[in-house]
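A short worksheet on the structure shown next.
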Number of protein chains: 2
Amino acid sequence: MLDVRKLRLLRELAHRGTIAAVAEALAYTPSAVSQQLAALEREAGVPLLERTGRRVALTPAALTLVEHTEKILAVLEQATADLAASRAELTGTLRIGAFPTAVRTILSPALVALSRDHPGLELMVTELDPATVPAALRAETLDVALVQDYDYVPAEPDPALDSEPLLEETVYLAALSGGPLETRRDAPWIVGTPGTLCHTMTVRACQAAGFTPRVRHHADDFGTVLALVAAGQGVALVPELGLLTHPANVVLTALPTRRRTRLAYRRGTKEHPAVIAARSALNAAATGRKP
Amino acid sequence: MLDVRKLRLLRELAHRGTIAAVAEALAYTPSAVSQQLAALEREAGVPLLERTGRRVALTPAALTLVEHTEKILAVLEQATADLAASRAELTGTLRIGAFPTAVRTILSPALVALSRDHPGLELMVTELDPATVPAALRAETLDVALVQDYDYVPAEPDPALDSEPLLEETVYLAALSGGPLETRRDAPWIVGTPGTLCHTMTVRACQAAGFTPRVRHHADDFGTVLALVAAGQGVALVPELGLLTHPANVVLTALPTRRRTRLAYRRGTKEHPAVIAARSALNAAATGRKP
DNA sequence: GTTAACCGTAACCTGAGCTTATGCTCGATG
DNA sequence: CATCGAGCATAAGCTCAGGTTACGGTTAAC
């Protein structure tokens with residue numbers, strides 16, 4: 001009987017590439033992970049890892065093992081979901097991850113509704129960049145998370161994760177005057193810090209319009225971005241949710257680009273009562289904002 | 001993360017009914033099983049067991065947990081099968097269960113072929129009554145087994161097991177004179193010991209013909225049965241494979257009843273290379289006997 | 001050449017999970 | 001109705017799986 005705990009380490013290794021990263025993610029020492037994987041290899045009777053330089057690579061046999069592991073972990077999630085559903089009241093803790101804008105706009109009202117309807121449910125919110133969400137969900141640091149699915153930035157399919165559309169917003173060009181994206185070829189730009197989804201989204205949208213933005217400022221908070229625009233420091237792309245307060249002199253031009261926000265969770269937790277509750281609260285908060 | 005080892009205990013409990021039986025089957029003490037199940041219940045946060053008299057019953061939540069466990073164990077079997085397939089040579093041990101007649105007729109030649117073609121494969125044969133096969137397969141005492149599927153004795157579907165047809169034979173009425181089953185209403189009968197499949201089969205076949213057999217002798221070995229028939233002690237039903245040597249004065253009348261033999265294994269092991277090898281060897285032995 | 005990142009082994013230590021021992025409850029039996 | 005056996009649960013103790021820390025070897029980058 002193969003040990004599922006060890007298989008989980010192998011799966012994490014397939015995603016993260018190094019034993020050190022697996023250990024870091026799952027709160028072990030690298031030595032422990034190494035020993036467990038060595039034991040798994042011994043039990044399997046087939047080579048699973050081979051050193052390539054200072055990393056390890058998975059053999060084909062190990063990769064098929066990982067695929068099976070994904071299935072098993074999904075069933076286990078489903079089983080715990082069913083257990084939670086069979087309980088009368090919703091208890092335990094739900095760890096929610098979200099990007100900063102979402103926290104202040106749709107997540108806050110959803111949290112109010114959630115804690116009102118389910119007093120037994122402990123809510124933990126973590127603010128993080130969507131790029132780090134998949135790893136956090138897999139490592140069970142988070143249970144559900146809001147992620148973005150900008151045009152031009154499709155999320156790679158992850159067999160361990162599942163998601164569903166939650167919200168779709170218009171993206172605006174924020175400037176001191178109106179006019180389409182193409183006319184901003186030579187304007188100074190205000191974008192997010194490199195590596196974030198906002199940054200990528202802006203750069204790709206400009207490239208699709210035929211130019212590379214001349215980056216002048218970096219700012220992730222849309223309030224700051226709009227203040228910079230109002231101060232004549234440049235132009236920027238801002239999604240609908242970033243416009244809670246916008247300075248009077250900033251002109252917004254709707255672009256065809258749309259920002260889609262999705263609710264992500266581990267495969268198998270779709271029917272977990274806490275996820276169901278989060279889904280309905282978030283949907284209510286998202287549509288409640290519309291008018 | 002639910003512990004699959006503990007879930008396996010729960011599944012076994014669902015099948016066997018008492019903690020003591022589970023412990024017996026899996027080579028633990030009852031105390032260990034009790035503690036593990038108590039721990040599982042604690043982790044689940046939901047009552048799983050409730051004492052009814054001096055036994056324990058599973059709650060609905062526990063039953064759905066068992067269903068999930070079946071899926072997980074099947075995937076685990078599949079994973080080990082894939083591992084074995086990725087190995088060049090076939091190694092390890094294959095534990096085969098079979099009823100006595102089968103051992104002497106089709107299993108022996110199959111064993112010869114198997115050990116010739118796969119010298120690295122260790123073969124272990126256990127002679128047992130088909131009625132005990134499902135439990136032995138689930139408890140991983142056996143890997144594959146030959147079971148019978150007489151008319152009137154359909155095997156109940158077990159979610160943990162899988163099987164496929166292997167052989168179909170005619171059942172004969174053995175007597176000192178020819179004639180259909182209905183004419184033996186008042187004859188003394190020779191049947192297997194109560195509880196075995198052979199016994200059930202004979203009784204039901206007679207009942208389908210409109211009478212209950214008057215049992216005179218009990219014998220499980222078909223050689224013995226035929227000797228008793230030859231000695232004028234009564235009549236009996238004997239399947240084709242039981243007729244390796246039959247006394248000259250015994251007359252055989254083919255009946256419409258047919259005996260079907262199936263190859264059974266745990267769900268998920270269908271593509272295990274050792275099972276594949278066993279399948280082909282047994283099929284060859286079964287068809288090789290036909291002419 | 002030096003350094004940093006990473007993997008693996010050795011040695012040690014802790015607790016999960018086994019065993020044995022024992023008590024309790026329920027149902028069958030005379 | 002008293003007795004007895006079957007079965008479950010708890011207590012106490014022991015063992016080993018599986019963790020940690022320490023250290024050495026190898027690889028890639030600068």
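Lettering follows sequence order; numbering is per chain, from 1. Values reported hereafter were calculated over all heavy atoms of this structure, with side chains retained and with hydrogens, waters and symmetry mates removed.
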B/D82 vs A/T64, side chain to side chain donor-acceptor pair (under 3.5 Å): CA-CA, chis, key distance, verdict: CA-CA 8 Å; B/D82 284 356; A/T64 72; 4.6 Å; no
Side-chain donor-acceptor pairs of residues 19-33 of chain A under 3.5 Å, sequence neighbours excluded:
residue: A/T29; atom: OG1; partner: A/A32; partner atom: N; Å: 3.4
residue: A/S31; atom: OG; partner: A/Q35; partner atom: NE2; Å: 3.0

ask   = Is any side-chain heavy atom of B/Q207 less than 4.5 Å from a side-chain heavy atom of B/V203?
value = yes
Numerically ordered, the residues 6-17 of chain B set in heavy-atom contact under 4.0 Å with DNA chain C is B/K6
How is B/Q35 classified with respect to the nucleic acid when contacts are heavy atoms under 4.0 Å: base, sugar-phosphate, or nothing? base
* Asked: With a 4.5 Å limit on heavy-atom distance, are the side chains of B/R8 and A/M1 in contact?
  -> yes
Residues in residues 39-54 of chain A with a heavy atom under 4.0 Å of DNA chain C, by number, are A/R51, A/R54
*B/E12/B/R138 ion pair, N-O < 4.0 Å*: yes
Here the pair of heavy atoms bringing B/A98 nearest to B/L146 is CB-CD1, 3.9 Å
Got a donor-acceptor contact below 3.5 angstrom from the A/T59 side chain to the A/P47 backbone? yes
Note: B/S163 and B/A264 closest approach over all heavy atoms is CB-CA, 3.8 Å
May I ask you to say whether B/K6 pairs ionically with B/E43, meaning some side-chain N is under 4.0 Å from a carboxylate O? yes
Residues in residues 23-33 of chain B with a heavy atom under 4.0 Å of DNA chain C, by number, are B/Y28, B/T29, B/S31, B/A32
DNA chain C: first to last nucleotide in contact with chain A (atom under 4.0 angstrom from a heavy atom), 5' to 3', is C/dA4 to C/dA10
Closest non-hydrogen atoms of A/L83 and B/V46, given as atom of the first, atom of the second and distance, are O-CG2, 3.6 Å
Looking at side-chain heavy atoms only, is the closest gap between A/V56 and A/L37 below 4.5 Å? no
Per-helix bend value, the helix from C/dG1-D/dC30 to C/dG30-D/dC1, C1' rotation axes over five pairs per end, 10° rounding, shows 30°
Check: Taking B/D221 for the side chain and B/T224 for the main chain, is one N or O donor matched with an acceptor at less than 3.5 Å?
Finding: yes
Below 4.5 Å, heavy atoms only, C-beta onward: do B/L10 and B/L49 meet side chain to side chain? yes
Closest to the 5' end of DNA chain D, once A/D3 and B/I19 are matched to their nearest nucleotides, is B/I19
Result for salt bridge (Lys or Arg N to Asp or Glu O under 4.0 Å) between B/E70 and one of B/R267, B/R11, B/R266 points to B/R11
query = So, are A/E50 and A/R55 salt-bridged, with charged N and O less than 4.0 Å apart?
reply = no
